[in-house]
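Everything below concerns the one structure shown next.
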Amino acid sequence: MNLVINEEQQMLKTSAKEFLKNRAPVEALRKLRDSNDPKGYNAQLWKEMAEMGWASLNIPEAYGGMDFGFVGFGQVLEEMGRTLVASPMVSTCLVGTSIINFGGNTMQKENYLPRIAEGSILVSLASEESNAHRPLKVSTQFSKTDDGYSISGKKIFVLDGNVADYFIVTTTDGDKNGITLFIVDAKSEGITVEKKIMMDSRNAAVVTFDNVKVSETGMIGEEGKGDKTLEKALDIARIGLSAEMLGSMQEAFDRTVAYLKERKQFGVVIGTFQALQHRAADMYCEIQLCKSLVIKALQAIDTNSPMLPYMASMTKSKVGETLQLVTNEGIQLFGGIGMTDDEEIGFFMKRARVAQQTFGDYNYHLDRFATLSGF
Amino acid sequence: MNLVINEEQQMLKTSAKEFLKNRAPVEALRKLRDSNDPKGYNAQLWKEMAEMGWASLNIPEAYGGMDFGFVGFGQVLEEMGRTLVASPMVSTCLVGTSIINFGGNTMQKENYLPRIAEGSILVSLASEESNAHRPLKVSTQFSKTDDGYSISGKKIFVLDGNVADYFIVTTTDGDKNGITLFIVDAKSEGITVEKKIMMDSRNAAVVTFDNVKVSETGMIGEEGKGDKTLEKALDIARIGLSAEMLGSMQEAFDRTVAYLKERKQFGVVIGTFQALQHRAADMYCEIQLCKSLVIKALQAIDTNSPMLPYMASMTKSKVGETLQLVTNEGIQLFGGIGMTDDEEIGFFMKRARVAQQTFGDYNYHLDRFATLSGF
Amino acid sequence: MDTTIQTDLEVFRIEIKAWLEANCPKSMRTPVKKFEDIYGGGSEATFDSEDQKIWFERMRDKGWTAPAWPTAYGGGGLNKAEHKVLKAEMKKMGCRSPLWSFGLTMLGPALLEFGNEAQKLEHLTKITRGEVWWCQGYSEPGAGSDLADLQTRAVDNGDHFLVSGQKVWTSYADKADWCFCLVRTNPEVPKHHGISFVLINMRQPGVEVRPIKLISGSSPFCETFFEEAKVPKENLVGGLNNGWTIAKYLLTHERSMIGGISEAGQQKLLSQIAIEMVGLENGKLADPVLRTEVARWLINGAGIKWSMERMMDEAKAGDPIGAKSSFFKYYATELNKDKFELMLSMGGFEGLQWGEDYLEGKLARDMCRTKGNSIEGGTSEVQLNIIAKRILNLPTR
Amino acid sequence: MDTTIQTDLEVFRIEIKAWLEANCPKSMRTPVKKFEDIYGGGSEATFDSEDQKIWFERMRDKGWTAPAWPTAYGGGGLNKAEHKVLKAEMKKMGCRSPLWSFGLTMLGPALLEFGNEAQKLEHLTKITRGEVWWCQGYSEPGAGSDLADLQTRAVDNGDHFLVSGQKVWTSYADKADWCFCLVRTNPEVPKHHGISFVLINMRQPGVEVRPIKLISGSSPFCETFFEEAKVPKENLVGGLNNGWTIAKYLLTHERSMIGGISEAGQQKLLSQIAIEMVGLENGKLADPVLRTEVARWLINGAGIKWSMERMMDEAKAGDPIGAKSSFFKYYATELNKDKFELMLSMGGFEGLQWGEDYLEGKLARDMCRTKGNSIEGGTSEVQLNIIAKRILNLPTR
């Protein structure tokens with residue numbers, strides 16, 4: 001499979017770059033942060049992005065989507081990473097859409113996907129319970145009632161949990177037989193949402209479910225069989241997030257290299273110092289590897305490859321480690337200026353740390369890759 | 001405890017440096033290698049070293065030793081590492097002496113230690129059975145006979161096994177209750193020794209014990225209780241070997257820095273290139289850490305510290321990793337010349353790899369340190 | 001060893017012990033937890049507690065806010081041996097420092113070395129009495145590691161200079177009464193030769209201070225703007241165009257202070273934190289990759305600690321520390337950054353939180369702050385240059 | 001697309017297939033395992049087997065030892081499309097190359113580009129016919145990465161030059177008939193401008209060759225000494241003092257060849273080797289530290305492989321590889337070194353053995369040999385310089 005994006009994908013990428021440059025530069029994230037916006041994202045901007053079709057790139061045409069494929073979707077994510085756009089893209093489109101699309105029945109797809117596509121609802125996965133990413137360790141419990149189910153438990157690090165219209169909740173029965181997925185209206189009685197601001201100025205929430213009633217149609221897939229859908233959606237999200245991180249990494253690197261060419265010390269441009277040149281060259285190489293892993297992984301989603309879990313872990317770990325390196329080197333090479341809030345390079349470092357832990361950090365994925373590979 | 005060596009130790013170090021410079025420079029190892037010497041070490045040289053008291057630095061005065069303490073002993077080992085002397089020092093004095101001294105009874109000490117001190121016998125530990133260092137995994141078996149014991153099993157990587165006069169063998173009974181140590185005459189019937197040349201041009205042997213008879217006085221310590229003596233001797237050996245490795249590391253580094261000052265490329269001395277300067281400075285720092293760990297660890301032996309196992313693993317892992325770095329950088333910075341057998345820097349790299357795996361490589365000791373530390 | 005001196009010292013020790021016992025309030029013998037626990041002085045200073053005030057005033061009156069400085073300047077006039085005894089007894093009893101300021105730690109030593117008698121009388125006395133808060137005006141926006149590349153000008157205007165320019169990273173400039181400052185007095189000569197060290201009164205027109213926000217949040221750092229600020233010529237220290245000598249003296253000072261940062265505060269072993277945060281599985285840290293990284297960190301942490309000890313011992317034995325302080329500065333700050341990366345990794349989702357104030361989201365903010373360790377006080381790159389040149393004697397192009 | 005051409009190609013393909021089927025001996029269709037499996041030619045060459053001889057002679061007679069070279073020089077005269085078809089069919093059938101030499105891969109392309117008609121007729125023909133073994137005389141003992149800093153002089157002596165000096169790293173010089181060589185013809189001008197590219201007959205007095213022993217053992221590399229070796233002026237290629245142009249042309253060639261090294265040969269996954277050598281405990285590699293390192297290596301291994309694929313695809317799409325070959329060269333060789341360090345680590349005590357010959361102790365010797373990967377064909381440092389300058393456009397001092 002050719003590892004160069006095609007003309008159509010390139011057009012999408014170019015238009016995304018242009019749009020984001022104008023509508024959502026890094027400065028926009030700063031404003032959002034400093035305004036203490038209760039939503040934590042720009043709803044108007046999200047509307048515009050949906051109008052451009054970005055919320056529906058991975059939704060089948062039958063449900064009002066563009067079905068553009070993930071290689072194309074990845075280009076938009078990459079550009080979003082370049083300007084650090086705070087949006088519900090990851091929570092709603094990467095995770096939410098994937099679970100409904102791969103795990104839901106026709107009725108559920110008809111109910112939710114068109115509304116996601118047009119940007120009118122946000123759907124967020126509530127799965128984490130321990131402090132680190134352990135998606136398959138679930139103790140939130142569901143039980144049968146007369147007319148449906150009842151859910152109780154506490155979920156943390158629910159991305160965009162404070163603005164979500166629906167939660168997809170991972171649950172288990174009393175005997176812990178596999179995972180069962182439910183989609184729940186966020187306004188249901190018994191749900192408490194506590195907003196948390198993260199270091200990247202985005203939101204996550206602690207969401208508590210206290211005997212929340214769900215109708216029978218709220219179960220996604222079969223009882224106790226949600227693991228597979230969850231893992232597939234997470235693998236897709238890991239790869240999609242890696243594409244976003246790749247964009248951040250490239251932007252942070254470009255800015256650092258530009259700074260090296262401009263900043264003078266001891267009478268010369270610091271970009272002439274060989275030690276810094278070699279560090280920059282080394283980063284260039286690592287970034288090239290990330291680029292290749294990301295496009296291969298995006299293709300693996302599109303071709304429904306059985307290697308998907310491997311690709312997801314390889315990519316997320318390499319990208320996570322490299323983004324950490326590049327953002328650290330960015331601050332160090334910007335020097336004192338890099339330490340100030342006025343300079344934007346720090347925003348990349350902060351986003352890197354949150355993205356790194358979202359859906360598993362590089363430790364998690366190195367370990368998972370080794371386990372998947374049988375060693 | 002003061003981390004500077006005292007005057008007496010300094011004198012020992014200076015005399016060792018002087019002696020080795022004249023009698024055993026790296027060139028001597030090359031000659032030994034190229035002459036295909038069947039012994040694999042210079043017996044005459046060893047005699048001279050013993051006459052200077054080096055074989056008895058850790059032997060109590062009561063048994064003809066100098067009881068000089070390990071901080072002093074470490075200075076000699078460090079100097080030996082600088083010129084890569086191939087000698088039975090590690091096998092006989094670090095391991096052999098330690099086991100007899102800490103595990104043996106008075107009769108055994110009287111029998112072996114004075115002879116080791118005067119350089120007339122070599123004693124080698126035969127413990128390894130699997131391909132990597134796993135000293136406590138023993139399947140060589142002993143059984144009781146009318147007048148003593150009988151031993152059967154196969155040991156690999158027995159240092160200086162082809163020239164040893166006695167083997168200290170780790171064994172177990174049929175039920176694998178702990179480790180029992182025996183000291184066995186190398187000329188005993190049933191022992192087969194197959195010499196192996198290692199990449200550092202030193203020797204190790206595969207030693208097979210086929211129903212080898214040992215008298216009752218051959219058991220060191222109590223039956224099934226040899227683990228503690230073995231681990232203590234190994235920890236001492238790990239630290240002593242680290243001191244030797246520290247010497248090799250410093251010498252390889254000094255030679256590399258000297259080369260950087262002398263070699264010209266593109267019309268300038270390559271030592272002026274900042275990227276190489278930073279790599280050299282970085283190595284300098286790592287070597288400083290190694291120096292501090294080694295002297296602290298040597299002191300831990302002398303003070304009979306309960307932290308000995310920690311110190312041994314911390315030191316061996318850090319020194320192993322740093323020596324690998326320094327010797328690799330050495331060859332890379334010497335460039336094409338460094339790849340030739342004519343240049344001595346390659347000898348350091350080869351010795352580094354064998355020393356690294358002797359008594360556990362840095363993987364082993366990082367893991368062991370974490371386990372000892374309870375995490 | 002002169003036994004008379006020994007005996008005198010013992011008497012001194014007994015006296016001190018009794019005096020401290022009688023005069024140091026109990027609350028001043030508890031461990032320091034935050035910056036405000038030690039009185040800083042200055043015209044705007046307030047005491048945190050009545051005990052703090054009592055303790056400060058008693059020590060001030062003995063001259064023991066600066067025990068080794070001459071009594072003429074408000075110091076204690078103690079000799080080296082006596083000073084050591086005082087410090088030892090205070091440490092034994094857990095007594096807090098009665099005063100801490102840049103005046104005491106930075107300007108004071110420099111004035112003692114380079115100041116004239118009038119300057120010492122005027123300024124040292126006010127420092128020991130905690131009457132003036134000093135800040136340090138070195139760095140400039142364009143200069144960075146190349147400190148000597150400074151642009152702030154001092155123009156000769158008869159009996160005074162007029163100073164104009166901008167300084168950055170001036171810690172606590174917003175509460176400072178005075179500033180010791182490097183200025184360019186001769187722009188015609190090579191940069192190191194045209195610099196002077198002057199003392200600037202911050203309470204005058206033409207001086208403006210603006211706090212700097214860091215990636216970790218608010219900070220003690222400020223930007224300071226001078227516009228024709230007036231500096232009487234008696235406030236020139238060490239002679240015209242001789243400021244670089246004093247700057248170098250103070251920089252060496254600062255470097256060894258910062259290298260020690262990672263040692264301070266953090267008491268709990270990283271492995272213990274890891275166990276609490278990540279948990280064990282079959283006796284091993286649940287995250288196997290992290291486990292190796294923590295083990296490696298602990299070994300390096302011990303290695304740098306013992307290297308400091310060793311080099312101190314070597315210094316006592318006659319091998320001065322000199323450029324080796326660059327090794328400490330470099331290694332300790334890089335290690336501290338690694339530590340906070342590891343802790344953030346252990347901290348999981350909770351550790352990523354970033355509250356309104358510093359306490360909620362402390363870990364993430366602290367981690368951000370450590371990124372500056374390898375920049376301030378001479379970047380890691382500068383330290384590596386120094387090691388290469390001054391320790392390894394590698395040639396310059 | 002011109003359908004006539006398409007049809008012609010199809011006919012050509014069928015013909016070739018039939019010819020290969022009829023003429024390529026079965027044993028010449030088995031995978032190449034060692035260097036000697038492909039005939040190299042030269043005056044001292046012998047065939048490894050009768051089949052090898054038959055296959056070589058048949059291909060030579062078709063001109064297919066160099067299918068794309070003009071028939072006038074013993075080549076096959078095929079156009080690009082035809083050449084592609086021939087290669088594809090040979091690959092499909094598993095046919096070995098009939099001939100491999102530095103003459104074919106290095107000197108030939110350079111002569112086609114820079115040589116005059118007489119030189120092409122004389123030398124290319126002998127190359128295609130496998131009659132001459134060529135070696136390459138570039139590196140010198142003092143030069144290293146700075147190839148242009150060469151000292152071997154060629155002194156004008158009427159109708160010939162007299163060449164004196166020393167070359168190193170001349171592969172297989174001990175079996176070479178001729179050497180293509182860089183020599184200094186003008187020591188007065190800047191180094192790059194005084195170099196010429198000459199062809200030297202190795203079978204003459206004044207030429208001495210000495211094999212080089214490496215840290216891994218014996219090697220194909222030699223030192224070559226010239227003492228007033230005679231080079232007729234007709235053996236000057238590309239004009240006097242124009243040798244650097246040809247050298248650069250050939251170097252770019254070589255770099256992309258070496259970067260591919262780590263891909264070749266090694267079929268078994270590193271994880272598989274690890275499992276076999278180290279073993280599993282509870283389903284995980286028994287050495288937990290190694291486990292992480294192997295996982296990381298595999299990811300980087302896949303990453304560099306796919307990066308090569310991606311950049312090939314990008315090249316096809318119009319973005320030439322250019323300086324990116326330095327990225328491959330750097331990364332692939334460093335990775336290959338890492339791989340052998342890991343394998344040595346897995347190999348345990350047995351892997352450390354070093355027998356009399358290369359086979360016993362192969363792992364340790366191979367590992368030593370990989371250390372040269374990041375030196376030969378342009379050191380890692382040179383590649384990083386190139387990336388910094390030519391890709392990132394960082395300025396030079």
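Here is how names work: the chains are called A, B, and so on, in the same order as the sequence lines, proteins then strands, and each is numbered from 1.
- Once rounded to the nearest 0.5 Å, the distance linking CG of Leu344(C) with CD of Gln324(A) reads 8.5 Å.
- For chain A, the option among Asn385(C), Leu384(C), Leu290(C) with the highest count of heavy-atom pairs below 4.5 Å is Leu290(C).
- In terms of heavy-atom proximity, Gln357(A) sits nearest to Ser345(C) at NE2-CA, 3.7 Å.
- In this structure, the portion of Arg33(A) lying under 4.5 Å from any heavy atom of chain C is its side chain and not its backbone.
- Taken to the nearest 0.5 Å, the CG atom of Asp341(A) stands 8.5 Å off from the CG atom of Leu214(C).
- Both the backbone and the side chain of Ile331(A) come within contact range of chain C, judged by heavy atoms closer than 4.5 Å.
- Residue-environment remark: NZ (Lys261(A)) exceeds the threshold of 12 foreign heavy atoms within 6.0 Å.
- Highest contact tally toward chain C, considering only Phe347(A), Tyr362(A), Phe266(A), is held by Phe266(A) [criterion: heavy-atom pairs under 4.5 Å].
- With a 4.5 Å cut-off on non-hydrogen atoms, Met339(A) touches chain C through its backbone and its side chain both.
- Taking a 6.0 Å sphere around NZ of Lys39(A), one finds it holds 12 or fewer heavy atoms contributed by other residues, nucleotides or ligands.
- Considering all non-hydrogen atoms of both residues, Cys368(C) and Lys350(A) come closest at SG-CE, 3.9 Å.
- Neither the backbone nor the side chain of Asp200(A) comes within contact range of chain C, judged by heavy atoms closer than 4.5 Å.
- No side-chain heavy atom of Ile270(A) sits under 4.5 Å from any side-chain heavy atom of Glu381(C).
- Annotation: the span from Leu352(C) atom CG to Arg202(A) atom CZ amounts to 12.5 Å, rounded to 0.5 Å.
- Of the inter-residue distances, the one linking Asp361(A) atom CG with Met346(C) atom CE reads 11.5 Å to the nearest 0.5 angstrom.
- For Gln356(A), no part lies near chain C; criterion is any non-hydrogen pair under 4.5 Å.
- The two residues Pro288(C) and Asp367(A) make their nearest non-hydrogen contact at CG-OD1, 3.5 Å.
- There is no contact between Ala275(A) and chain C, counting heavy-atom distances below 4.5 Å.
- At least one side-chain heavy atom of Met198(A) sits under 4.5 Å from a side-chain heavy atom of Gln353(C).
- Taking each heavy atom of Ile215(C) and Gly346(A) in turn, the nearest pair found is CG2-CA, 4.0 Å.
- Your options are Asn328(A), Asp342(A), Leu366(A), and the one with the most heavy-atom pairs under 4.5 Å with chain C is Asn328(A).
- A 6.0 Å sphere centred on CZ of Arg153(C) holds no more than 12 heavy atoms belonging to other residues, nucleotides or ligands.
- Residue contact with chain C, scored on non-hydrogen atoms closer than 4.5 Å, involves the side chain of Glu128(A) exclusively.
- Of all non-hydrogen atoms in Asn131(A) and Glu350(C), the two that sit nearest each other are OD1-N, 3.0 Å.
- With chain A as partner, the option from Leu147(C), Thr379(C), Asp287(C) having the largest number of non-hydrogen pairs under 4.5 angstrom is Asp287(C).
- Scanning all heavy atoms of the two residues, the minimum distance from Ser374(C) to Gln332(A) falls at OG-OE1, 2.6 Å.
- There is no contact between Ser219(C) and chain A, counting heavy-atom distances below 4.5 Å.
- Residue Asp149(C) does not touch chain A at all, counting heavy-atom pairs closer than 4.5 Å.
- Using a 4.5 Å cut-off between heavy atoms, Lys264(A) touches chain C through its backbone atoms (N, CA, C, O) alone.
- Listed options Gly335(A), Ser201(A), Gly338(A) were ranked by heavy-atom pairs under 4.5 angstrom with chain C; first place goes to Gly335(A).
- For Ser130(A), the part lying under 4.5 angstrom from a heavy atom of chain C is the backbone only.
- No side-chain heavy atom of Lys196(A) sits under 4.5 Å from any side-chain heavy atom of Phe349(C).
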